Chemist: 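One structure is given below, represented as structure tokens, and several questions about it will come after.
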Amino acid sequence: MNLSALADFHRVAAAGSLGKASRDTGRPKATLSRRIRMLEESLDVRLVERGAHALRLTAEGKLLYMRTRALVREIEDVGHHLTTGNSAPRGRLRVSAPTLFANMLGGRLVAEFIARYPDVRVDLIANDHPVDLVDEAFDVAIRVNPQPDSELVGRRIAGDCMQIVAASSLPMPTDTAPDAPALVPAVAMTRLPDSTSWQFAHNGETCHLTPDYHLHLSSLEMVRDAVRAGAGVAMLPRSLVREDVARGRLVRWGDYPGRTVELWALHNSRRLTSPKVSAFVEFLAESFPTRQL
């Protein structure tokens, strides 16, 4: 497969037409069209359907584009580094991050990162499903408690702990013996498994509670707001409820030691680590010097 032809195919696919790709790159339309035909002939498959004013990727063209766009971008970055001798981070960096992390910290962090590295352009995508870095063309994935993956490497950037919290209007039960745990109204995330019991320390004593889930909500922020409104007790990250506890809007019943939270920045181990990826992972680690959110 001719890499130059593949790169031109990506330019045209991203632009949506030969004319726009030509204007964006300064390359003649005839050259771009010829390169795509060359690539089609080498693969013996049709990649685009050409119209009068635009083109449409075939199913094979979409597959080729999706599976190779991250690789093409990395090859171009490496080529620029080799030809210019400039190892400074540059190019587009696509990052996947959990919704809570992205909403609380993402905007500030990426703004500080591009201020330090002005030749980098960042796409930060908030989602809570484990993305495929290759298929979905992400350079870095920030994940909570990731499972071991032979294709990914990375670095632990921060940790958090889970706390049992409630509104001040909901008193904590006084009888919390292990053989008769108190039943309390509770709120939880929809997609997380419900805990059948909670055991935690409160004022030097071990407490045992049984959560009775009245609400299941789709985001941690919604859970916090429901708890703040008096709907029940919940297990939430300290970083999310810290201000509410400090201002008295929520009361911390105790820390829950049975569920740890570790935040990792991961990237693909089977590709060369580009300067922008290395710089971003290092920047994230520097941003949490205590390793706590």
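Worth saying up front: this structure is predicted, and the values here are computed from it rather than measured.
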Chemist: Who passes salt bridge (charged side-chain N to carboxylate O under 4.0 Å, His left out) against Arg34, sequence neighbours left out?
Modeler: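 Applying salt bridge (charged side-chain N to carboxylate O under 4.0 Å, His left out) to Arg34 gives none.
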Chemist: Take Val277 and Val140, measure what side-chain contact (heavy atoms from CB on, under 4.5 Å) needs, and give me the verdict at the end.
Modeler: CA-CA 7 Å; Val277 170; Val140 177; 4.0 Å; yes
Chemist: Applying side chain to side chain contact (heavy atoms under 4.5 Å, CB included), name anything that partners His214, two or more places apart in sequence or on another chain.
Modeler: Pro185, Asp212
Chemist: State, with a plain yes or no, whether a side-chain heavy atom of Leu100 is found less than 4.5 Å away from one of Leu240.
Modeler: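 When only atoms from C-beta onward are counted, Leu240 and Leu100 do touch, with a gap below 4.5 Å.
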Chemist: So, using ring-ring contact (aromatic ring centres under 6.0 Å, His included) as the criterion, who are the partners of Phe280 when residues are at least two apart?
Modeler: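 In terms of ring-ring contact (aromatic ring centres under 6.0 Å, His included), with neighbours along the sequence ignored, Phe280 is linked to Phe113.
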Chemist: Can you tell me how far the CG atom of Leu57 sits from the CG atom of Leu63, to the nearest 0.5 Å?
Modeler: 11.0 Å
Chemist: Tell me every residue that passes salt bridge (charged side-chain N to carboxylate O under 4.0 Å, His left out) with Arg242, counting only those two or more places apart in sequence or in another chain.
Modeler: none
Chemist: Mind checking what makes salt bridge (charged side-chain N to carboxylate O under 4.0 Å, His left out) contact with Asp149, not counting sequence neighbours?
Modeler: none
Chemist: Applying salt bridge (charged side-chain N to carboxylate O under 4.0 Å, His left out), can you list everything that pairs with Glu60, at least two apart in sequence or on another chain?
Modeler: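 If we apply the salt bridge (charged side-chain N to carboxylate O under 4.0 Å, His left out) test to Glu60, skipping adjacent residues, there are no hits.
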Chemist: Below 4.5 Å, heavy atoms only, C-beta onward: do Thr58 and Val48 meet side chain to side chain?
Modeler: no
Chemist: As an exercise, state the distance from CH2 of Trp253 to NE2 of His202, rounded to the nearest 0.5 Å.
Modeler: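 So the gap between those two atoms works out to 9.0 Å.
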Chemist: Can you name the side chain to side chain donor-acceptor pair (under 3.5 Å) partners of Glu136, sequence neighbours left out?
Modeler: none
Chemist: Begin from the C-alpha positions of Leu6 and Leu64 and carry the test side-chain contact (heavy atoms from CB on, under 4.5 Å) through to its verdict.
Modeler: CA-CA 9 Å; Leu6 180 62; Leu64 179 65; 4.0 Å; yes
Chemist: Report yes if the side chains of Ile125 and Val95 come closer than 4.5 Å at any heavy-atom pair, otherwise no.
Modeler: no
Chemist: Could you check if a side-chain atom of Phe200 sits within less than 4.5 angstrom of a side-chain atom of Thr206, using non-hydrogen atoms only?
Modeler: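 In short, these two side chains do not touch, never coming nearer than 4.5 Å.
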Chemist: Let me confirm one number: the OG-CZ distance from Ser4 to Arg35, rounded to the nearest 0.5 Å.
Modeler: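 Spacing of OG (Ser4) from CZ (Arg35) equals 5.0 Å.
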Chemist: Identify the two heavy atoms, one from Pro237 and one from Leu220, that lie closest to each other, and give their separation to 0.1 Å.
Modeler: CG-CD1, 4.1 Å
Chemist: Could you check whether any side-chain N or O of Ser278 sits under 3.5 Å from a backbone N or O of Pro275, counting only pairs where one atom can act as donor and the other as acceptor?
Modeler: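 Side chain of Ser278 to backbone of Pro275: no pair is present.
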Chemist: Between Leu133 and Asp139, what is the shortest heavy-atom contact and its length?
Modeler: CD2-O, 3.9 Å
Chemist: On a heavy-atom basis, which atom in Leu284 and which in Ala265 lie closest, and how many Å separate them?
Modeler: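 For Leu284 versus Ala265, the nearest heavy atoms are CD1-CB, 3.9 Å.
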Chemist: If you define the side chain from C-beta out and look only at heavy atoms, does anything of Leu266 sit under 4.5 Å from Val153?
Modeler: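 SC-SC contact between Leu266 and Val153 ruled out.
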Chemist: With sequence neighbours left out, write down each residue that passes side chain to side chain donor-acceptor pair (under 3.5 Å) with Lys29, or none if nothing qualifies.
Modeler: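 Partners of Lys29 under the side chain to side chain donor-acceptor pair (under 3.5 Å) test: none.
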Chemist: Between Ser33 and Arg37, is the side chain to side chain donor-acceptor pair (under 3.5 Å) condition met? List the steps.
Modeler: CA-CA 6 Å; Ser33 180; Arg37 285 198 301 272; 2.9 Å; yes
Chemist: Closest heavy-atom contact between Gly232 and Val227?
Modeler: O-CG1, 3.3 Å
Chemist: In Å and rounded to the nearest 0.5 Å, what is the CZ to CZ distance from Arg247 to Arg228?
Modeler: 10.5 Å
Chemist: Of all heavy-atom pairs between Ser96 and Asn127, which one has the smallest distance, and what is that distance?
Modeler: OG-OD1, 2.9 Å
Chemist: Should Arg90 and Arg121 count as side-chain neighbours, where that means a heavy-atom distance under 4.5 Å?
Modeler: no
Chemist: Would Leu183 end up clustered with Met235 when hydrophobic side chains under 4.5 Å apart are linked, directly or stepwise?
Modeler: no
Chemist: Report yes if the side chains of Arg252 and Arg238 come closer than 4.5 Å at any heavy-atom pair, otherwise no.
Modeler: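 Side chain of Arg252 against side chain of Arg238, heavy atoms only: no contact under 4.5 Å found.
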Chemist: How far does CG of Asn2 sit from CD of Glu41, to the nearest 0.5 angstrom?
Modeler: 12.0 Å
Chemist: Test: side chain to side chain donor-acceptor pair (under 3.5 Å). Region: residues 103-118. Which pairs qualify, not counting sequence neighbours?
Modeler: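 Checked against side chain to side chain donor-acceptor pair (under 3.5 Å) - neighbours excluded - the pairs reaching residues 103-118 are Asn103-Glu221, Arg108-Glu112, Arg116-Glu286.
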Chemist: Can Arg11 and Asp24 be counted as an ion pair, charged N to O under 4.0 angstrom?
Modeler: no
Chemist: Decide yes or no on side-chain contact (heavy atoms from CB on, under 4.5 Å) for Leu209 and Ser197, but give the supporting numbers first.
Modeler: CA-CA 6 Å; Leu209 300 177; Ser197 64; over 6 Å; no
Chemist: Could you pull out every donor-acceptor pair under 3.5 Å between side chains of residues 159-180 and any protein atom, sequence neighbours left out?
Modeler:
unit_1 : atom_1 : unit_2 : atom_2 : d
Asp160 : OD2    : Ser239 : N      : 3.4
Asp160 : OD2    : Ser239 : OG     : 2.6
Gln163 : NE2    : Asp255 : OD1    : 3.1

Chemist: I need the minimum non-hydrogen distance between Ala226 and Leu215, along with the two atoms involved.
Modeler: CB-CD1, 4.0 Å
Chemist: Going by side chain to side chain contact (heavy atoms under 4.5 Å, CB included), name the residues that satisfy it together with Glu262, two or more places apart in sequence or in a different chain.
Modeler: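 If we apply the side chain to side chain contact (heavy atoms under 4.5 Å, CB included) test to Glu262, skipping adjacent residues, the hits are Asn145, Arg156, Trp264.
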Chemist: Scan residues 2-48 for pairs that pass ring pair (Phe, Tyr, Trp, His ring centres under 6.0 Å), counting only residues two or more places apart or in two chains.
Modeler: His10-Tyr65
Chemist: Looking at CZ of Arg143 and CZ of Phe101, how far apart are the two atoms once the value is rounded to the nearest 0.5 Å?
Modeler: 14.5 Å
Chemist: Linking I/L/V/M/F/W/Y whenever their side-chain heavy atoms sit closer than 4.5 Å, directly or via other members, would Met38 and Leu18 fall into one cluster?
Modeler: no
Chemist: Answer whether the closest heavy-atom distance between the side chains of Ile157 and Arg291 falls below 4.5 Å.
Modeler: no
